[in-house]
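Here the structure comes first, spelled out in structure tokens, and everything after it is commentary.
The first residue in the sequence is number 1, and the count goes up from there.
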Amino acid sequence: MNRWFARGVILVSTAGLLPGMALAQEGNVDQAREALAKQEGDEDSSRQLEEVFQAAEKNYSLQKKGIHSLTYSFDYSYTADQRIDLSISDNSVENLDVVPSATHNFTNAFAYDYGLLDNLTVGTRVPLVVKYDSQDELTVYDFGDISFTGRWQPFAYVPGKMSTTLFSTFTTKTGVSPYEIDIKEQLSTGSGYYSLSGGLSLSKVLDPVVVFGSTSLTYNFEVDGLDQVRGARRLIKVDPGFGLSGSAGFAYSLSYDISLSISAQLSYNDETILTFSNGDEAVAQDQMTGFLSMSLGTRISDTTIVNTSLGIGLTEDAPDFSLGVSLPINFSGLKE
């Protein structure tokens with residue numbers, strides 16, 4: 001499991017996922033939706049929220065046809081843990097090492113979206129990652145896993161009715177793989193494998209509140225041809241299994257310039273099977289991860305809303321906490 005951002009995930013592909021803003025009504029409700037985007041990741045609940053409320057005017061809650069958007073986001077997360085390196089052969093322990101870990105993760109990400117149709121938006125997210133392990137004093141600067149997302153709204157938005165969005169995300173392994181490094185001397189910035197996720201987001205406007213929910217399923221592709229030394233053995237293949245996540249929350253427009261959203265995400269990750277060159281297999285048990293996210297949208301101009309967020313891990317496998325900020329990047333040429 002990619003711990004630095006819960007695949008993140010933090011987490012999707014949230015669909016999440018986790019990779020524009022606005023709403024289909026005028027007044028405060030319009031500003032509330034526009035202020036919700038956090039632009040985190042495909043599996044992150046805030047990212048799923050942004051996907052649902054992105055740039056609707058009269059008929060659809062996605063990017064209008066021919067419209068471009070570019071968003072910058074910065075996120076920091078902290079994870080403290082203990083790693084166990086255990087090797088058992090012939091019913092005897094050959095290697096046992098408990099290593100404390102405290103990792104600081106900084107992610108600068110650029111997310112680009114384009115409206116192919118009024119109800120079909122495609123986009124990509126490019127993360128630049130800096131990680132620092134304060135226990136081992138290790139640092140890495142590199143790309144994270146680049147993702148590509150498509151979002152489709154099959155039915156036109158009708159005021160007062162439930163809005164439905166289907167999404168799918170393909171995540172690459174462009175980041176530094178945790179299965180191709182010297183684990184005692186290097187850090188990773190990616191998951192190490194390709195993944196494909198799909199899901200469904202729902203939302204409904206109850207002026208001035210918007211309630212929303214999302215669920216997604218992720219298939220992680222097996223990785224072989226590895227050659228990594230782990231303890232007294234050599235790792236040659238990894239089967240990361242599948243992932244399942246769901247999130248729910250609400251957003252409230254405090255005023256024309258301020259909106260607040262609160263959401264919770266629960267993710268399940270299947271067991272990971274590691275195969276070694278001597279034929280041994282090690283199984284990392286399945287995990288359940290919970291995360292609580294709070295986001296504040298502040299309008300600083302007629303066209304710019306800055307979103308700040310705070311995330312708190314609810315389970316042992318989640319990051320201890322995270323901080324984030326995102327804002328749109330406006331270029332005169334990046335228009336219809």
> Hey, are Thr103 and Asn105 close enough side-chain-wise for a donor-acceptor pair under 3.5 Å?
Replying inline: no
> Is there a donor-acceptor pair closer than 3.5 Å between any side-chain N or O of Thr172 and the backbone N or O of Ile146?
Replying inline: yes
> Closest approach of Gly313 and Ala318, non-hydrogen atoms and distance?
Replying inline: CA-CB, 3.9 Å
> Can any side-chain N or O of Glu180 pair as donor or acceptor with the backbone N or O of Leu226 at less than 3.5 Å?
Replying inline: no
> Going through the checks in order, is the side-chain contact (heavy atoms from CB on, under 4.5 Å) test met by Ile181 and Leu187?
Replying inline: CA-CA 7 Å; Ile181 60 175; Leu187 297 174; 5.6 Å; no
>> Using 0.5 Å steps for rounding, measure from the NZ atom of Lys237 to the OG1 atom of Thr275.
In response: 4.5 Å
> Which value, rounded to the nearest 0.5 Å, describes the distance between Asp320 atom CG and Ile312 atom CD1?
Replying inline: 11.0 Å
>> Can a side-chain donor-acceptor contact be found between Ser293 and Gln265 if the only test is distance below 3.5 angstrom?
In response: no
>> Looking at Phe143, I'd like to know if its CZ atom is crowded, meaning that more than 12 non-hydrogen atoms belonging to other residues, nucleotides or ligands lie closer than 6.0 Å.
In response: no
> Other than Ile273, which residues form its hydrophobic cluster under the rule that side-chain heavy atoms must be closer than 4.5 Å?
Replying inline: Val283
> Given the side-chain rings of Phe74 and Tyr72, with only the six-membered ring counted for Trp, is the space between their centroids under 6.0 Å?
Replying inline: no
> Which pair of heavy atoms, one from Ser69 and one from Gln63, lies closest together, and at what distance?
Replying inline: OG-NE2, 3.2 Å
> Is the backbone N or O of Ser147 less than 3.5 Å from a side-chain atom of Thr124, with the two atoms forming a donor-acceptor pair by type?
Replying inline: yes
>> Let me confirm one number: the CG-OG distance from Leu62 to Ser163, rounded to the nearest 0.5 Å.
In response: 7.5 Å
> How far does CG of Asn269 sit from CG of Asp286, to the nearest 0.5 angstrom?
Replying inline: 9.0 Å
>> Under a plain distance cut-off of 3.5 Å, with no hydrogens placed, do Ser214 and Ser201 share a side-chain donor-acceptor pair?
In response: yes
> Got Trp152 and Ser168 here, is their nearest side-chain heavy-atom distance under 4.5 Å?
Replying inline: no
>> For the NZ atom of Lys131 and the OG1 atom of Thr139, what is their distance to the nearest 0.5 Å?
In response: 11.5 Å
> Can you find a heavy atom in the side chain of Pro154 that is under 4.5 Å from one in the side chain of Asn119?
Replying inline: no
> Between the side chain of Thr189 and the main-chain N/O of Val176, is any donor-acceptor distance below 3.5 Å?
Replying inline: yes
>> If I compare all heavy atoms of Thr215 with all of Phe167, which pair ends up nearest, and what's the gap?
In response: O-CZ, 3.9 Å
> Should Phe221 and Ile236 be counted in the same cluster of Ile, Leu, Val, Met, Phe, Trp and Tyr side chains packed under 4.5 Å apart?
Replying inline: no
> Can you tell which of Thr121, Thr169, Asp113 makes a side-chain hydrogen bond (donor to acceptor under 3.5 Å, both in side chains) with Arg151?
Replying inline: Asp113
> Which atom names give the shortest non-hydrogen contact between Leu292 and Ile262, and what distance separates them?
Replying inline: CD1-CG2, 4.2 Å
> Can you list the residues that meet the side chain to side chain donor-acceptor pair (under 3.5 Å) rule with Asp142, with sequence neighbours excluded?
Replying inline: none
>> Please enumerate all residues that pass salt bridge (Lys or Arg N to Asp or Glu O under 4.0 Å) together with Asp227, with sequence neighbours excluded.
In response: Arg234
>> Testing the basics here: between Phe276 and Ala282, what is the closest heavy-atom pair and its distance to 0.1 Å?
In response: CE1-CB, 3.8 Å
> Is a side-chain N or O of Asp118 found less than 3.5 angstrom from the main chain of Lys65, in a donor-acceptor match?
Replying inline: yes
>> Is it the case that atom OH in Tyr141 sees more than 12 heavy atoms from other parts of the structure closer than 6.0 Å?
In response: no
> So if you build clusters from Ile, Leu, Val, Met, Phe, Trp, Tyr with side-chain heavy-atom gaps below 4.5 Å, do Tyr132 and Tyr76 land together?
Replying inline: no
> What heavy-atom pair brings Ser326 and Thr71 nearest, and what distance separates the two atoms?
Replying inline: CB-CG2, 4.4 Å
> Taking it one step at a time, do Leu260 and Ile258 satisfy side-chain contact (heavy atoms from CB on, under 4.5 Å)?
Replying inline: CA-CA 7 Å; Leu260 173 68; Ile258 300 291; 5.9 Å; no
> What orientation do Phe170 and Tyr194 show, parallel under 30°, tilted 30 to 60°, or perpendicular over 60°?
Replying inline: parallel
>> Using side-chain contact (heavy atoms from CB on, under 4.5 Å), reason through Leu266 and Met288 one step at a time and then give a plain yes or no.
In response: CA-CA 7 Å; Leu266 187 65; Met288 190 71 74; 3.8 Å; yes
> Do we see a donor-acceptor contact under 3.5 Å between the side chains of Thr315 and Thr289?
Replying inline: no
> Same hydrophobic cluster for Ile183 and Val229, using side-chain heavy-atom links shorter than 4.5 Å among ILVMFWY?
Replying inline: no
>> Quick check for you: to the nearest 0.5 Å, what is the distance between Asn108 atom CG and Ser73 atom OG?
In response: 8.0 Å
> Is it true that a side-chain atom of Gln186 and a backbone atom of Val140 form a donor plus acceptor pair closer than 3.5 Å?
Replying inline: no
